[in-house]
Amino acid sequence: MKYAVVIISIGHKNIDHIFHYKIPEGMSVEPGMRVIVPFGRGNRPTEGYVVGITDKADIDDALIKEISNICEDYTVISPKRIELANWMKEKYYTTFSSCFRCIVPKKVNEKNFACVKLNVNNENINEDIIKVLKKDTKQKRVLEVLLNGDEIPVSHIKTLLDVDDSPINALIKKNLLVKTYVQEYRGNFNSALVERSKPPVLTDEQADAVYRIFSAMDRDEKKPLLIHGVTGSGKTEIYMRAIEKVLSQGKEAIVLVPEISLTQQTVERFVARFGSRVAVTHSRLSDGERYDQWTRARRREISVMIGPRSAVFTPFENIGVIIIDEEHESTYKSDIQSPKYDAREIAEKLSELYGCTVILGSATPSLLSYYRAQHGEYELIELKHRVNNTFPKIHIVDMRKELARKNFSVFSTELKNAINENLENKRQTILFLNRRGHSTFVSCRSCGYVMSCGNCNVSYTYHKGINRLLCHYCGKTIGVPSVCPQCGSEYIKYFGAGTEKIEQEVLRLFPKARVLRMDMDTTRRKNSHQTILEDFRKGKADILIGTQMIAKGLDFPNVTLVGVVAADLSLNIGDYRSGENTYQLVSQVSGRAGRADKEGTVYIQTYSPDNYSIRYAAENDYKEFYEEEIAFRKNMNYPPFTNIFLVMLTGENEYILRQTITRLADIMKRYNKNNMFTRLGPTPAVISKINNVYRWQITVKCENEDKLRNYVLFCLDKLSKQTSLDKINVGLYLNPSYIF
Ligand code: ADP
Ligand code: ZN
Ligand code: ZN
């Protein structure tokens, strides 16, 4: 007797359920298939994955149930991907089931459309055809279209000939035509509209990079490559050469890009080169679209997949290369959803399993990647020049001096003059607010009091549309105070000027300018993101104002001026990575200026002009920035010199919460042999309360990631044996990419 070993995916419980099921007579079941099995006392039909076949049952044969059905008649997970799931489960302290949910999309019914073609099984077809063709009827016209034997969608015939169903149905009745059903793939990128392009002649730097990548690809031992190339140095062209090479070997390529730069423009560059072999995914795809694109990849009907982090799971079984563009982006890490995987780590694991090459690229590599390159774990390729060989002139403007000169505007005199000049020259300008999230807070200039929500301990955001302060965590709103609640001063300031405020100021200073604004508020609708960028590209506006949404990957040839309105805003968020984030944001946005043949100018307004991240970003000196930042990290014992595990406990009852986390701290203290682990806390989280749920945290540091993970899981297990965790929610974050 053979039994299938089935893992059942029943969500939230933090354990895997592994059961044996009998394989019914005549059903062919293999490891990697998705099945429906009766589960529990009520034999509820439940989805599961077969991970093995065995002839030994763990319980009495009579008690073992039978598999009800197979979901697909093929395996949805290859043996290598079962291995990947196994690895992910350990690394990201999660279940098989949740890993499978990343690897295989939700099962959706296929969508089919009706076609017709000549009925080749009709032995008298020739005579029958002649009969129909004799008379000038609608049936004749339909038949003529199908005479060459093609299978044509019914809907096409109807529009082409302007007929209804009746002549088609009549021909089917006469046995001349048969109806067939063809799968329609949802979510296909319409590549027919994109003109194909020829590859340009490479610059010397590019040619050198391509040569080194090709040699690395030909080696058996696969070491990831890091391309550190300034914005506009032609990294995308290099990626395309690498893809070309793997396609010529009959292999496949995955290109990861941050969601935000997954624009029409980016996709079209790949489609122009590789045509209909390219597919695109993004997070707004419906389940059906996602399933169909996954199916096309599985059937090898496409060989290049472009998408955000989830695209790393594209089911290619002959992967040649995985490219990760803008590798420093935090969006490659899933911090909220479980499994909290990092697409860069998955790519490296796939490289091990499939022997593919991993290429990371960025103008501002993450400190961790550059550190690895410095230590020989990655091969470093540097591109120091832009393809067009110009680099923008970057000016740092000291805003403290502006204040001393009684200029209270958000714009310095220099930037204001530059905008004016640019408008006169009919060139485009981007004004950028270096701001993560919605942090337009309102504060008192006299005493520094910041208006914040009592439920959530976060500052309110001012919204001009409703003229109220809004808490983005719980939704509470209050009217704008006319005097400071703390000191009574009337000097209330909307600090960190939001994009709305800048827009207002621009319209006041330059009434004739055509202005577009891009932020969370103006991009809520589907495609609005796209529309704004397209409009700006087409020259329908002179000035584009935006948050970091506009900082990345965009290529606007007519933009010659970039103003960073307040470069410090990301410096003040109390995160050890704020220097790295500031460097990245400032240099990415500067990269938007002067992309084509026109020279660019950048003004960076700041209250801390001596800060090294801002200074080195302005000098475009990554190496110096890296040296200073890495010294700081080493000195303070921050990653990459250690790993940080954040344990966040949340609950509505503050007393129980504090008691529980204190107990956890005690356990951690007891089992910390040789002081291998450094523990910080318990402390309230940065956002100490969200919607009346309290948040406390403990941070544990250790150089060895595996030991750290095991220690934390061990301590939590001890805790759960000592005390009930019913009223407490536990969140675990290994090296989280932002603060919570
Ligand atoms: P990056 O990805 O490094 O920011 P891109 O690949 O976007 O740079 O290249 C910048 C611009 O230069 C693009 O408009 C691109 O089409 C163009 N380009 C890239 N390589 C070449 C080349 N070898 N010859 C001419 N133009 C090139
Ligand atoms: Zn005050
Ligand atoms: Zn709130």
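FYI, the numbering just counts along the sequence from 1. For clarity, every value in this text was computed on a predicted model and none was experimentally measured.
Side chains of L469 and P481 form a contact here, defined as non-hydrogen atoms less than 4.5 Å apart. At a threshold of 4.5 Å between non-hydrogen side-chain atoms, the residues I359 and V321 count as touching. A heavy-atom distance below 4.5 Å is not found between the side chains of V564 and Y603. Residues H395 and T601 have side chains in contact (heavy-atom distance under 4.5 Å, counting atoms from C-beta outward). Side-chain contact between L256 and V312: present, with at least one pair of heavy atoms (C-beta onward) separated by less than 4.5 Å.
Checked by atom type, the side-chain pair E205/S233 shows no donor-acceptor distance below 3.5 Å. A donor atom on one side chain and an acceptor atom on the other are found under 3.5 Å apart for S409 and E505. Counting only N and O atoms by type, the side chains of D542 and T429 include no donor and acceptor under 3.5 Å apart. Judged purely by distance below 3.5 Å, without hydrogens or angles, the side chains of S369 and E327 pair a donor atom with an acceptor atom.
Listed by chain and residue number, H228, Y370, Y583 satisfy the ring pair (Phe, Tyr, Trp, His ring centres under 6.0 Å) test with Y622 (two or more places apart in sequence, or in another chain). Residues meeting the side-chain hydrogen bond (donor to acceptor under 3.5 Å, both in side chains) test with R212, sequence neighbours left out: E379. In this structure, the side-chain hydrogen bond (donor to acceptor under 3.5 Å, both in side chains) partners of R273, at least two apart in sequence or on a different chain, are E237. For K512, there are no side chain to side chain contact (heavy atoms under 4.5 Å, CB included) partners two or more places apart in sequence or in a different chain. Annotation: salt bridge (charged side-chain N to carboxylate O under 4.0 Å, His left out) contacts of K401 (sequence neighbours excluded): none. In this structure D342 satisfies the side chain to side chain contact (heavy atoms under 4.5 Å, CB included) test together with Y92, Y332, K333, R344, E345, sequence neighbours excluded. Scored by the side chain to side chain contact (heavy atoms under 4.5 Å, CB included) test, A272 finds V194, S197 as partners (sequence neighbours excluded). Partners of S276 under the side chain to side chain contact (heavy atoms under 4.5 Å, CB included) rule, at least two apart in sequence or in another chain, are S191. Applying the side-chain hydrogen bond (donor to acceptor under 3.5 Å, both in side chains) rule to S310 yields no partners; only residues at least two apart in sequence or on another chain are considered. Shown here are the side-chain hydrogen bond (donor to acceptor under 3.5 Å, both in side chains) partners of D398, two or more places apart in sequence or in another chain: R400.
Of the residues Y616, Y638, Y612, the one that meets the side-chain hydrogen bond (donor to acceptor under 3.5 Å, both in side chains) test with E629 is Y612.
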Derivation of the side-chain contact (heavy atoms from CB on, under 4.5 Å) call for F536 and I430
CA-CA 10 Å; F536 191 59; I430 292 181; 4.0 Å; yes
Between M305 and T281, is a side-chain contact (heavy atoms from CB on, under 4.5 Å) present by the stated rule, with each step listed? CA-CA 8 Å; M305 178 64 91; T281 66; 3.5 Å; yes
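By the 6.0 Å contact criterion, CZ on F632 is enclosed, its count of non-hydrogen atoms from other residues, nucleotides or ligands being greater than 12. Counting non-hydrogen atoms of neighbouring residues, nucleotides and ligands closer than 6.0 angstrom, the CG atom of D204 reaches no more than 12 such neighbours. Counting heavy-atom neighbours within 6.0 Å of E627 CD, excluding the residue itself, gives a total above 12.
Residue pairs satisfying the salt bridge (Lys or Arg N to Asp or Glu O under 4.0 Å) criterion with at least one member in residues 360-370, sequence neighbours excluded, are absent. The salt bridge (Lys or Arg N to Asp or Glu O under 4.0 Å) pairs that include a residue from residues 422-432 number zero, where partners must be two or more places apart or lie in different chains.
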